[in-house]
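Beneath this line is the structure, given in structure tokens, with notes to follow.
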Number of protein chains: 2
Amino acid sequence: MSPRSGARSGVDGRKVRGEKRRAEIIEATLRVIERDGVAGVTHRTVASEAGIPTASTTYHFATLDELLIATLLTGAKDMATEVYWMIDHVRSHGRRAAAEIAALIAHALGPQRGRTMAEYELYLLAARRPSLRPAARRWLDVLTSMVRHDDEVAFRVFLAAIDGLLIQGLIDDESPRAADLEPVIAALLRSAGQSS
Amino acid sequence: MSPRSGARSGVDGRKVRGEKRRAEIIEATLRVIERDGVAGVTHRTVASEAGIPTASTTYHFATLDELLIATLLTGAKDMATEVYWMIDHVRSHGRRAAAEIAALIAHALGPQRGRTMAEYELYLLAARRPSLRPAARRWLDVLTSMVRHDDEVAFRVFLAAIDGLLIQGLIDDESPRAADLEPVIAALLRSAGQSS
DNA sequence: TGGATATTGGGACTATCGTTCAGGTAATTT
DNA sequence: AAATTACCTGAACGATAGTCCCAATATCCA
């Protein structure tokens, strides 16, 4: 049985013992996805990555879907944080924003390449499984909610273009350099991002 | 053994008999991906979808990877054709382009939703497996090669934004309506697409 | 026509999968 | 301290996976 189904001793925050395991399992899952993709996620590979017995993963996450949902929810926060930084750069750095954002994208496609792939794989999984969609859409909603209403259209263009650049960058043999991305970002900001 | 590994009777183009089967198997694979995703692709599901015995798929495609590569190569042409239509609309319809493109995207996210998902799943698969990348990048290269050099930056913004809109549309509960997409496309064209 | 070869198709072998279960340990409450 | 409950874990079950093997068949060149 899942620890959430029964048995909470009194207050809510008392089941601290298992929460640490849950977090470890989720982190291990993310590492597995970075390395082998969503296809490589099994109870056994995750348990092995976390260095715990197999049955422990099935105890905290009754089904694989449940594990993936939790992983996506956890990852969504990180994704949102990343894009939030971009927006912050646009607002504070003004003209330098293009260079800053280009560097962030280059970083996501270079050193963080595995992580970026993992995020988009979970994203696509959400497209196919309705139960994952709220989790996947959350970070988009969060971002959208923090721009003024009259900028919503421009903001959507900005987000879509960033998504597209990241995805297209994933199938390049060598990671794109920030210098190559900068003119594209500049053109994007010139129309869509300047007023946000 | 794969038909390519041994046994060719003299010349190369003599193995016409099996080519039809190969095509059938690839088409069945694409249908399986549309319905169940890349994760649903197994020798057995593909064979069942094509109405042929299981061993026939392993005969023509020794490994599952080989089958996926062939499927991606076949599908790449269709994807390129679709985006080419969009560009054509921009050039010929002028001011109406936004509405036309919005309709195309709404169509890709509505009736063609399964197909669109399949394309992006194969796309992400290419990000993870270098052997698939040339096939995935081919259509992008083809598109990029047919715009003037001074428009390249604007064109990249355009393509990236389209990609992003499609992906984000995939995780919406109900497919976005063309009317909702049109202002976004219009804003995009206003800056990036008008000169291409 | 006859032999060589490409192709088909049914079945089977082995590995791994998700999930379950039963018995144990550690913490928490009374 | 006793009991209750969360938590842990090794083993196992049934299902399904990839791939292989071998006999049967269709096709083609000589």
Side-chain angles (χ1 to χ4, degrees), chain A residues 1-26 28-29 32-33 35-71 125 129 131-132, chain B residues 1-26 28-29 32-33 35-71 125 129:
Chain A
M1 251 146 270
S2 167
R4 281 188 301 322
S5 62
R8 232 154 296 178
S9 51
V11 206
D12 193 46
R14 206 65 64 83
K15 51 188 172 55
V16 194
R17 197 150 99 263
E19 278 304 321
K20 198 186 171 196
R21 261 289 165 86
R22 268 182 73 93
E24 287 173 6
I25 294 174
I26 289 179
T29 304
V32 169
I33 299 182
R35 200 184 51 220
D36 302 326
V38 184
V41 174
T42 73
H43 281 135
R44 286 172 176 83
T45 56
V46 169
S48 167
E49 172 71 31
I52 59 176
T54 305
S56 189
T57 69
T58 68
Y59 173 74
H60 291 283
F61 303 93
T63 169
L64 261 189
D65 271 30
E66 206 174 297
L67 174 57
L68 287 173
I69 290 177
T71 305
L125 195 67
R129 311 215 188 174
S131 58
L132 291 182
Chain B
M1 250 148 270
S2 165
R4 281 189 299 321
S5 62
R8 235 154 294 178
S9 54
V11 205
D12 194 46
R14 208 68 62 80
K15 52 196 171 51
V16 193
R17 195 149 100 264
E19 278 304 321
K20 197 186 172 194
R21 262 288 166 87
R22 268 181 74 93
E24 287 174 6
I25 294 174
I26 288 179
T29 304
V32 170
I33 298 182
R35 199 184 52 221
D36 302 324
V38 183
V41 175
T42 73
H43 281 135
R44 285 174 175 82
T45 57
V46 169
S48 167
E49 172 72 30
I52 58 176
T54 305
S56 190
T57 68
T58 69
Y59 174 74
H60 290 283
F61 302 93
T63 168
L64 263 188
D65 271 29
E66 208 174 297
L67 174 57
L68 287 174
I69 291 176
T71 305
L125 196 67
R129 312 215 187 176

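The structure displayed is predicted, hence computed values, not measured ones. Just so we're on the same page: letters track the sequence lines, and every chain starts at 1. Reckoned from all heavy atoms, side chains included, excluding hydrogens, waters and symmetry mates.
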Practice problem: Give a yes/no on whether any side-chain N or O of T54(B) is located under 4.0 angstrom from OP1 or OP2 of dG10(C). | Solution: no

Exercise. May I ask you to evaluate whether T63(A) reaches the phosphate of dT19(C), defined as a side-chain N or O under 4.0 Å from OP1 or OP2?
Key: yes

Quiz item: Which of these, V46(A), L125(A), V41(A), sits in a side-chain contact (heavy atoms from CB on, under 4.5 Å) with I33(A)?
Solution: V41(A)

Quiz item: Which is true for V41(B) with a 4.0 Å heavy-atom rule: it touches a base, it touches only sugar-phosphate, or it touches nothing?
Solution: sugar-phosphate

Practice problem: Could you pick out which residue, T45(A) or A55(B), lies toward the 5' side of DNA chain C when each is mapped onto its nearest nucleotide? | Solution: A55(B)

Exercise. Say whether, by atom type as modelled, one donor and one acceptor occur between the side chain of T45(B) and the main chain of G40(B) under 3.5 angstrom.
Key: yes

Quiz item: Can you tell me how far P of dG9(C) sits from CD1 of I25(B), to the nearest Å?
Solution: 10 Å

Practice problem: Find the distance Y59(A):OH to dA22(C):P and express it as a whole number of Å. | Solution: 16 Å

Quiz item: Heavy-atom distance under 4.5 Å between the side chains of F61(A) and R22(A), does that happen here?
Solution: yes

Quiz item: For the side-chain contact (heavy atoms from CB on, under 4.5 Å) test, which of T71(B), I69(B), T63(B) pairs with L67(B)?
Solution: T71(B)

Quiz prompt | Interatomic distance, R21(B) CZ vs dT27(D) P [rounded to whole Å] | solution = 12 Å

Practice problem: Please tell me if the side chains of I25(B) and I52(B) come closer than 4.5 Å, counting only heavy atoms from C-beta onward. | Solution: yes

Quiz prompt | Distance, rounded to the nearest Å, where F61(A) contributes CZ and dC8(D) contributes C1' | solution = 15 Å

Self-check item: Spacing of I52(A) atom CD1 relative to dG10(D) atom P, expressed in whole Å
Solution: 11 Å

Quiz prompt | Atom-to-atom span, CZ of R44(B) to C1' of dA12(C) - whole angstrom | solution = 10 Å

Exercise. Could you tell me the separation between the CG atom of D36(A) and the C1' atom of dT16(C), rounded to a whole number of Å?
Key: 15 Å

Quiz item: H43(A) NE2 to dG10(D) P: how many Å, rounded?
Solution: 16 Å

Self-check item: Toward the 5' end of DNA chain D, by each residue's nearest nucleotide, T42(B) or P53(A)
Solution: P53(A)

Practice problem: For L64(B), answer base if it contacts any base atom (sugar-phosphate contacts may also be present), sugar-phosphate if it contacts only those atoms, and nothing otherwise; contact means non-hydrogen atoms under 4.0 Å. | Solution: sugar-phosphate

